[in-house]
Amino acid sequence: KYTQSLDYYLRSKTILKEYYGESHPEYAWILGNIGWIYTDMGEYTNALKYFLMCETIQKTSLGESHLEYAYSLGNIAMTYVCKGEYSKALEYYSRCELLKKKILGESPVSYTHLTLPTIYSV
């Protein structure tokens, strides 16, 4: 079913690109979803490509102090863990966590599934 889901997301990407343009947060959102499909398929290089495109658009359109931007950094970190590139994962995870603390404060609730023990345990 991943292939069918990917096909629908790629069609949606085309529609959103035509409607909003390539610099809109909605377009970034669909790129992130395509990244997740590739992640679920184990195609981490393709996933990373889409997560990085999403991050770039969100940085420009939402700013570096937006929670969605922090989530994008976390998605990139998780993908680097899956690829076995732990130093890059740690770099993005650290940026993600610093930004979340800036936005949310010292909340005891974790907003990402990726943690430092995850990176160091593999």
Side-chain angles (χ1 to χ4, degrees):
K1 299 283 180 180
Y2 291 124
T3 305
Q4 186 177 17
S5 295
L6 182 59
D7 183 52
Y8 289 134
Y9 274 113
L10 291 172
R11 287 186 207 176
S12 297
K13 177 181 144 278
T14 301
I15 293 166
L16 290 175
K17 179 180 176 180
E18 290 175 10
Y19 188 78
Y20 291 113
E22 292 182 345
S23 61
H24 195 277
E26 289 295 324
Y27 183 71
W29 174 80
I30 202 73
L31 296 175
N33 285 340
I34 292 169
W36 278 111
I37 295 293
Y38 278 122
T39 298
D40 289 344
M41 294 170 68
E43 295 185 26
Y44 304 120
T45 299
N46 284 329
L48 185 60
K49 172 184 158 186
Y50 280 92
F51 286 142
L52 287 169
M53 288 190 297
C54 176
E55 180 261 344
T56 299
I57 294 167
Q58 287 181 334
K59 181 178 182 179
T60 304
S61 64
L62 300 174
E64 292 184 60
S65 59
H66 197 282
L67 191 56
E68 287 298 320
Y69 179 70
Y71 291 150
S72 288
L73 296 174
N75 292 343
I76 293 166
M78 180 273 314
T79 306
Y80 277 126
V81 168
C82 292
K83 289 174 61 82
E85 297 181 39
Y86 305 113
S87 61
K88 289 182 181 179
L90 185 58
E91 173 192 337
Y92 278 90
Y93 174 76
S94 297
R95 290 174 55 200
C96 172
E97 287 302 302
L98 286 173
L99 182 52
K100 286 188 331 186
K101 284 181 184 177
K102 179 180 173 184
I103 296 167
L104 302 171
E106 295 292 329
S107 173
V109 178
S110 173
Y111 291 91
T112 60
H113 300 291
L114 183 65
T115 62
L116 282 175
T118 302
I119 294 172
Y120 285 112
S121 69
V122 289

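Please read all numbers here as calculations on a predicted model, not as lab measurements. Along the sequence shown, residues are numbered consecutively beginning with 1. The figures that follow rest on heavy atoms only: side chains count, while hydrogens, waters and symmetry mates do not.
Taking both residues in full, the closest heavy atoms of Glu55 and Ile76 are given as CB-CD1, 3.6 Å, listed atom of the first, atom of the second, then distance. Nearest heavy atoms, Leu6 versus Met41: CD2-SD, 4.4 Å. Between Thr79 and Ala47, the shortest heavy-atom distance links the atoms CG2-CB, 4.3 Å. Across all their heavy atoms, Gln58 and Glu68 have their closest contact at OE1-O, 3.1 Å. Nearest heavy atoms, Ala28 versus Cys54: O-SG, 3.2 Å. Residues Ile30 and Lys13 come closest through the heavy atom pair CG2-CA, 3.9 Å.
To the nearest 0.5 Å, atom CD1 of residue Ile37 and atom CG of residue Asn46 are 12.5 Å apart. With rounding to the nearest 0.5 angstrom, the CZ atom of Arg11 is 14.0 Å from the CG atom of Leu16. Note that CE of Met78 and CG of Leu48 are 9.5 Å apart. Values are rounded to the nearest 0.5 Å. With values rounded to the nearest 0.5 angstrom, Asn33 atom CG is found 11.5 Å from Leu10 atom CG. Here the straight-line distance linking atom NE2 of His66 with atom CD1 of Ile103 works out to 8.0 Å at 0.5 Å rounding.
In terms of hydrophobic clustering, with Ile, Leu, Val, Met, Phe, Trp and Tyr side chains grouped at heavy-atom distances under 4.5 Å, Tyr9 and Trp36 are assigned to different clusters. With hydrophobic clusters built from ILVMFWY side chains whose heavy atoms lie under 4.5 angstrom apart, Tyr44 does not share a cluster with Tyr50. One hydrophobic cluster holds both Leu52 and Tyr71 under the rule that ILVMFWY side chains link at heavy-atom gaps under 4.5 Å. Linking Ile, Leu, Val, Met, Phe, Trp and Tyr whenever their side-chain heavy atoms come within less than 4.5 Å leaves Tyr93 and Leu98 in two separate clusters. When the side chains of ILVMFWY residues are joined at heavy-atom separations under 4.5 Å, either directly or via intervening members, Leu104 and Tyr69 end up in a single hydrophobic cluster.
The existence of a salt bridge linking Lys88 and Glu91 is excluded, since no basic side-chain nitrogen approaches an acidic carboxylate oxygen closer than 4.0 Å.
For the pair Leu90/Tyr86, no side-chain contact is recorded, criterion being any heavy-atom separation below 4.5 Å from C-beta on. Between Glu64 and Leu99, every side-chain heavy-atom pair lies at or beyond the 4.5 Å cut-off.
Counting heavy atoms of neighbouring residues, nucleotides and ligands inside a 6.0 Å radius, atom NZ of Lys102 does not exceed 12 of them.
Listed by first and then second residue, the salt bridge (Lys or Arg N to Asp or Glu O under 4.0 Å) pairs that reach into residues 19-37 are Lys17-Glu22, sequence neighbours excluded.
For the pair Arg95 and Tyr92, the cation sits on the ring face: its NZ or CZ lies under 6.0 Å from the ring centre, inside 45° of the axis.
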